[in-house]
Amino acid sequence: MTVRCGFVAVVGEPNAGKSTLLNRMTGAKLSIVTPKAQTTRFRVLGILMHGESQVLLVDTPGIFAPKRRLDRAMVAAAWTGVRDADVTLLLVDAKAGLTEGVRSIIASLVEQKRRCWLVLNKIDLAGAPSLLPLTAALTALAPFEQTFMVSAVSGDGVGALADALAAAMPTGPHLYPDDDLTDLPERLLAAEIVREQIFLQTHEEVPYATTVETETWQERPDGSVRIDATVYVTRPGHKGILIGERGQRIKAIGARARDVLGGLLERRVHLFLNVKQRAGWDEETARLRALGLEDPG
Ligand SMILES: Nc1nc2c(ncn2[C@@H]2O[C@H](COP(=O)(O)OP(=O)(O)OP(=O)(O)O)[C@@H](O)[C@H]2O)c(=O)[nH]1
Ligand SMILES: [Mg+2]
C-alpha cells in the first residue's frame, strides 16, 4: 500500500454541518457544534488514519459576509484553509439548498481554481426527490470532481467519503503522529467547550458578543486539573444575562462545561469562570490572537 498524506479543507456556509462532519469522520469531539450559525471561529485540524493514508481534515469557520473584525478574521481563516488544501470539500446543507451564500462561495472557489468536491449534507432532513435537482444545479456552477451525499449526524455516506479521500491524498510521508487526533492545545479546547455551552445556553446577540480565554491550567497532585477561564462580553447587559439571576446561568454553563471537559480529558476538572465586560474585544488584535486568528486589519 502507498503511504499518503494530504490536507482536506471543509468549507461552506455557517451551520452547514462542517464541524459535525469533522467529528464524525475522526470519531472524536474536536470541534464544537451548536444549532447556531457561526459557531466555529478558527481552523480545527482532525487527523484521520485510513489504511496507509493520513487525511488531515481542516474544519473552518462558515463563510459569510463579515462585518466585525472578528468576523473578517474568521472568514479569512476559512479561505486560508482552502489555500493550504489538496482537496476542498464544499459542504452544502441539502435542506437549505442553493442559497446566495453558497453561490458566492462557489464563485470564489472557481476563481481560485481549487480542486473541489461537492458534499450534500443533512440528507436525513431533505426529501430524497430534491437531492438530484439540487446536485444538478450545483454541479452546473463548478467542475466538482466528485459528489457525495451524507448525513454527518447519522453517519450515512460518510464512510464512502472517507474512502475516497484516503485514496485521493498525494503520496508522501505522514505529517503527524498516527495516534494523534488533532493539534488543538488543551487550553484552547477548554475555552471552546465553555464557549459551546454559552452558545447553547444564551441567545440572540449574547453568544456572538462573547469570547473565552483559558487563563491558568494547574495540575493537581490528585490527578485532577484546575482551569480558570475568563469570559469576555462586549456590553454590561450581556454580563448580567450571562451571569443570570443569583449567578444561576454562569453556574449552569460552568457545570455542564466541566462535565464535558472531564469526559474529554478523562480526568476530574475544577472549572472557574470569571465574566468580564470589555467593550470592543471583537475588534482587538490580542483577543483574536488568543483564538489563533490573524488580524485581518
Ligand atoms: N439533521 C441533521 N443535522 C445536522 C447534520 N449535520 C449537522 N447538523 C446540525 O446542524 C447544526 C450545525 O452543525 P455544525 O456542525 O455546528 O455546523 P458548522 O457548519 O460547523 O457551523 P459553523 O461552525 O457555524 O460554520 C447542528 O445543530 C448539527 O447538529 C445532519 O447531517 N443532519
Ligand atoms: Mg463549525
Side-chain angles (χ1 to χ4, degrees), residues 8-46 57-68 70-82 88-97 99 101-102 104-105 108 118-128 130-131 134 147-162 182 184 188-189 191-193 195-212 260 282 291-293:
V8 176
V10 185
V11 301
E13 281 196 290
N15 207 248
K18 300 176 292 299
S19 302
T20 308
L21 183 68
L22 178 92
N23 293 345
R24 164 65 63 179
M25 289 184 86
T26 56
K29 183 183 171 74
L30 303 176
S31 198
I32 62 171
V33 168
T34 80
K36 294 191 175 73
Q38 300 168 34
T39 297
T40 304
R41 287 187 179 159
F42 51 84
R43 291 191 299 279
V44 178
L45 174 71
L57 284 166
V58 181
D59 181 22
T60 67
I63 295 170
F64 59 103
K67 292 197 184 74
R68 304 178 295 173
L70 168 69
D71 301 334
R72 293 202 305 277
M74 284 161 53
V75 172
W79 285 116
T80 302
V82 171
T88 297
L89 301 183
L90 173 65
L91 200 63
V92 174
D93 178 337
K95 183 100 193 295
T99 61
V102 169
S104 128
I105 296 170
S108 300
L118 175 64
V119 181
L120 295 190
N121 187 34
K122 308 197 188 182
I123 57 167
D124 55 302
L125 294 182
S130 69
L131 295 177
L134 176 59
T147 298
F148 295 84
M149 297 188 189
V150 306
S151 166
V153 158
S154 76
D156 243 18
V158 172
L161 175 59
T182 184
L184 188 69
L188 208 46
L189 174 73
E192 283 292 276
I193 296 299
R195 206 164 60 75
E196 181 175 54
Q197 287 307 315
I198 293 171
F199 262 68
L200 292 173
Q201 297 193 35
T202 68
H203 303 288
E204 285 157 24
E205 81 265 46
V206 178
Y208 299 100
T210 304
T211 191
V212 182
V260 173
D282 49 0
L291 286 168
L293 291 171

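Every number for a ligand or one of its atoms is a count from 1 in the order of the listing. Remember, predicted model here, so these are calculated numbers, not experimental data. Numbers for residues simply follow the sequence, beginning at 1.
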List the closest protein heavy-atom neighbour of [atom]: residue, atom name, distance to the nearest 0.1 Å.
atom                    : value
atom 3 (N) of ligand 1  : V153 CG2, 3.6 Å
atom 17 (O) of ligand 1 : G17 N, 3.1 Å
atom 10 (O) of ligand 1 : K122 NZ, 3.1 Å
atom 13 (O) of ligand 1 : T20 OG1, 3.5 Å
atom 32 (N) of ligand 1 : D124 OD1, 2.8 Å
atom 26 (C) of ligand 1 : T34 O, 3.5 Å

Using a 4.5 Å cut-off on heavy atoms from C-beta on, say whether the side chain of [Y] contacts that of [X].
X    : Y    : value
L200 : P35  : yes
L120 : V150 : no
R41  : P61  : no
F42  : E192 : yes

Who pairs with A160 by side-chain contact (heavy atoms from CB on, under 4.5 Å), at least two apart in sequence or on another chain?
->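 Scan of A160 (side-chain contact (heavy atoms from CB on, under 4.5 Å), adjacent residues dropped) gives none.
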Select the closest option to atom 18 (P) of ligand 1 among Q38, E196, K36, K18, judged by heavy-atom distance.
-> K18
Of the listed options (T40, V150, V10), which comes nearest to atom 23 (O) of ligand 1 when hydrogens are ignored and any heavy atom counts?
-> T40
Checking the N or O distance criterion of under 3.5 Å, is ligand 1 in contact with [X]?
X    : result
V33  : no
S151 : yes
P14  : no
N121 : yes
A152 : yes

Just which atoms of ligand 1 are under 4.0 Å from any heavy atom in [X]?
X   : answer
P35 : 27 (O)
G62 : 25 (O)
A37 : 24 (O)

Please confirm whether G12 comes under 4.0 Å of ligand 1, counting heavy atoms of the residue only.
-> no
Near K29 NZ, under 6.0 Å, is it more than 12 heavy atoms from other residues, nucleotides or ligands?
-> yes
Residue portion contacting ligand 1 (non-hydrogen atoms closer than 4.0 Å) for L125 | side chain
Using heavy atoms and a threshold below 4.0 Å, how should the contact between N15 and ligand 1 be classified: side chain, backbone, both, or neither?
->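 The part of N15 near ligand 1 is both the backbone and the side chain.
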Please check if any side-chain donor atom of D156 sits under 3.5 Å from a side-chain acceptor atom of S151, or the reverse.
-> no
Taking atom types as modelled and ignoring hydrogens, do the side chains of E13 and T99 form a donor-acceptor contact shorter than 3.5 angstrom?
->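 Indeed, the side chains of E13 and T99 share at least one donor-acceptor pair under 3.5 Å.
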What heavy-atom pair brings R24 and V153 nearest, and what distance separates the two atoms?
-> NH2-O, 2.5 Å
Can you measure from [atom1] ([X]) to [atom2] ([Y]) and round to the nearest 0.5 angstrom?
X    : Y    : atom1 : atom2 : result
R43  : L184 : CZ    : CG    : 12.5 Å
I63  : L90  : CD1   : CG    : 8.5 Å
M74  : T40  : CE    : OG1   : 8.0 Å
D59  : L89  : CG    : CG    : 11.0 Å
D282 : R72  : CG    : CZ    : 10.5 Å

Report the protein N/O/S neighbours of the Mg ion (ligand 2) that fall below 2.8 Å; do not count waters.
-> S19 OG, T40 OG1
Looking only at atom types and distance, does a side-chain atom of N121 sit under 3.5 Å from a main-chain N or O of K18, one as donor and one as acceptor?
-> no
